[in-house]
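The structure appears below as structure tokens.
Note: hydrogens, waters and symmetry copies are ignored here, and every other heavy atom, side chains too, is used. Starting from 1, each residue takes its place in the sequence as its number.
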Amino acid sequence: MFYYISFLRPPPTQAALSGEPILITPQIANDLRTEYYTDVQDIFYSWSLHPPTPNLVITKPVKLTSWRASTMYKEILVPPPRNVRNGEYWRLVLSSGTSRKDQILSLSDENLGRQPFPVVSDPIFFSARSSKAVKQERIQRSYVLTATNRDHPVIFHITEQTSFDLDKKIWDSGIGLSSWFIQLHSGMVSNTALVSQVKNALFASKCDVLELGAGTGIVAIVLGILQGLLGSPARSGKIISTDLPSALPLLQSNISSSQSLYYPGNTPKSVALDWDEPDISTQVASFVSGIDVIVMSDVTYNTASFPALIRTLSRLIMFSLSVAPAKPPLIILGYKERDVAERTLWEIGRENRHTF
């Protein structure tokens, strides 16, 4: 299980130049915010000027509080940036350490999750004019990955919403599967016949990927970055990232925010796909050579959706085999068990001759 620093009470969208502190309530909890961190954890804050400049302006992290579950509802006062000017935007960064590395989540780290993940607020507008306090509704997390064929690490950002919408938050399996893909690409995963098959499918040749239940888009973004490192659009193939229509604005925004990190012409594409809708012709129309890989992460939390999910997989496989009979799609599932009943997905899959 991973733990995430976030805001139970987020900062406001606008603050005064009077020097008054910003009022927040930090929290440390699991991905669904249903289980709280049980240890004592120091939280540090810093301010980052927005938009970023070539010479990043970010203040030195300072201890804000020692978080305890027993005082999880405690409101904390955060001093504003020193010498802040009228009209400037600053982001509030909360982390569990005092270095810049502690403010970015390293997906290449074999010890991923040893500390609660950092969080960044939306930009706060500092103004000499007074304004009614409006709480922010979004947060951001920064991620870094390293690759053996790239001199410098790659940093990208994922925005989440602070609402309770499940498709607008980062989930454990999305981070876990993304990290595994990075380690696979870098040769850090123990080699087996199945691992070799997955690696060859994703990175050794042109690979067309369809993702189900994309959420915030982290898996598609990581795959897009890694496939871009292959060096040519002919090899990297296409990535279609799907979810319900309600998820698409945030999904597309996150994909677009990493535009400069993909190979030109190979940006992942967000598409609406409802598992209860029998017609998938629009979503698969661009897969003229079939689907090489179907990717899913954290799609098992709702057991009532399993029949619809299996029907969707069957339709996708049947379509792919209709255009590429000798190449059934490889199905990759990132999974975190939250309830033993979720294991029935494998039983339903086997009954329909699907393995993942």
Side-chain angles (χ1 to χ4, degrees), residues 3-29 33 36-106 114-144 155 157-163 169-170:
Y3 285 96
Y4 304 73
I5 301 176
S6 57
F7 299 102
L8 185 60
R9 177 192 177 120
T13 58
Q14 182 173 327
L17 281 176
S18 60
E20 294 181 7
I22 306 294
L23 187 63
I24 67 167
T25 301
Q27 71 171 356
I28 306 178
R33 314 297 187 260
Y36 294 98
Y37 195 63
T38 56
D39 295 335
V40 177
Q41 175 65 57
D42 289 342
I43 295 179
F44 299 82
Y45 80 94
S46 62
W47 290 99
S48 176
L49 184 64
H50 179 83
T53 60
N55 296 318
L56 181 66
V57 178
I58 186 167
T59 64
K60 181 180 179 181
V62 175
K63 184 177 177 180
L64 177 65
T65 186
S66 292
W67 191 90
R68 295 174 174 83
S70 60
T71 57
M72 68 175 69
Y73 300 110
K74 181 181 178 181
E75 294 180 334
I76 305 293
L77 298 176
V78 184
R82 189 173 297 177
N83 301 321
V84 61
R85 298 178 180 178
N86 184 46
E88 287 184 337
Y89 288 86
W90 289 79
R91 291 181 182 268
L92 176 61
V93 185
L94 300 184
S95 63
S96 57
T98 58
S99 72
R100 176 61 179 148
K101 290 182 178 180
D102 294 318
Q103 298 173 336
I104 303 177
L105 202 164
S106 175
R114 69 184 183 278
Q115 291 181 316
F117 296 149
V119 69
V120 183
S121 76
D122 246 10
I124 301 172
F125 179 61
F126 285 87
S127 174
R129 296 182 177 181
S130 60
S131 175
K132 181 181 179 181
V134 177
K135 294 179 183 178
Q136 295 188 356
E137 297 181 348
R138 305 192 310 174
I139 58 173
Q140 187 182 88
R141 300 188 198 276
S142 300
Y143 301 82
V144 61
I155 297 176
H157 312 282
I158 298 287
T159 295
E160 307 172 45
Q161 289 192 0
T162 57
S163 65
K169 295 182 182 297
I170 288 286

Measuring from [X]:[atom1] to [Y]:[atom2], what's the distance to the nearest 0.5 Å?
X: Ser96; Y: Ile43; atom1: OG; atom2: CD1; answer: 8.5 Å
X: Leu77; Y: Glu20; atom1: CG; atom2: CD; answer: 10.0 Å
X: Gln115; Y: Asp42; atom1: CD; atom2: CG; answer: 10.5 Å
X: Leu94; Y: Ile76; atom1: CG; atom2: CD1; answer: 10.5 Å
X: Ile139; Y: Ser121; atom1: CD1; atom2: OG; answer: 10.0 Å

Go through the structure and list residues passing side-chain contact (heavy atoms from CB on, under 4.5 Å) with [X], not counting sequence neighbours.
X: Tyr89; value: His50, Pro123, Phe125
X: Val40; value: Ser66, Arg68
X: Thr159; value: Arg138, Gln140, Leu250, Asn254
X: Glu137; value: Thr162

Least distance between heavy atoms, [X] atom then [Y] atom:
X: Pro26; Y: Trp67; value: O-NE1, 3.3 Å
X: Lys169; Y: Glu160; value: CA-OE1, 3.7 Å
X: Pro81; Y: Phe126; value: CD-CZ, 3.5 Å
X: Leu105; Y: Phe117; value: CD1-CG, 3.3 Å
X: Pro11; Y: Ile22; value: CB-CG2, 3.9 Å
X: Pro116; Y: Tyr37; value: CG-CZ, 4.1 Å

(request) Kindly say whether Pro79 contributes a backbone atom to a donor-acceptor pair with the side chain of Trp47 at under 3.5 angstrom? (result)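 Yes: the side chain of Trp47 pairs with the backbone of Pro79.
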(message) Main chain of Asp122, side chain of Gln136: is a donor-acceptor contact present, judged purely on distance under 3.5 Å?
(response)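 Checked: pair present.
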Does any non-hydrogen side-chain atom of [Y] lie less than 4.5 Å from one of [X]?
X: Asp102; Y: Pro61; value: no
X: Thr13; Y: Ile124; value: no
X: Leu8; Y: Tyr73; value: yes
X: Gln27; Y: Arg33; value: yes
X: Leu49; Y: Ile58; value: no
X: Val78; Y: Pro21; value: no
X: Ser106; Y: Tyr143; value: no

(request) Give every residue pair that meets the side chain to side chain donor-acceptor pair (under 3.5 Å) criterion with at least one member in residues 76-88, sequence neighbours excluded. (result)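 Every side chain to side chain donor-acceptor pair (under 3.5 Å) pair that includes a residue of residues 76-88, provided the two are not neighbours, is Glu88-Trp90.
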(request) Before giving the answer on side chain to side chain contact (heavy atoms under 4.5 Å, CB included), spell out for Thr25 and Met72 the whole-Å C-alpha distance, their side-chain angles and the decisive distance to 0.1 Å. (result) CA-CA 8 Å; Thr25 301; Met72 68 175 69; over 6 Å; no
(request) Kindly write out the residues that satisfy salt bridge (charged side-chain N to carboxylate O under 4.0 Å, His left out) with Arg9, not counting sequence neighbours, or none if the list is empty. (result)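 Arg9 satisfies salt bridge (charged side-chain N to carboxylate O under 4.0 Å, His left out) with Glu75 only.
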(request) State, without any angle test, whether Gln103 and Ser46 hold a side-chain donor-acceptor pair at a distance under 3.5 Å. (result)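 The criterion, which ignores hydrogens and geometry beyond distance, is satisfied for Ser46 and Gln103.
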(request) Give the intermediate values and the outcome of side chain to side chain contact (heavy atoms under 4.5 Å, CB included) for residues Ile24 and Leu92. (result) CA-CA 10 Å; Ile24 67 167; Leu92 176 61; 4.1 Å; yes
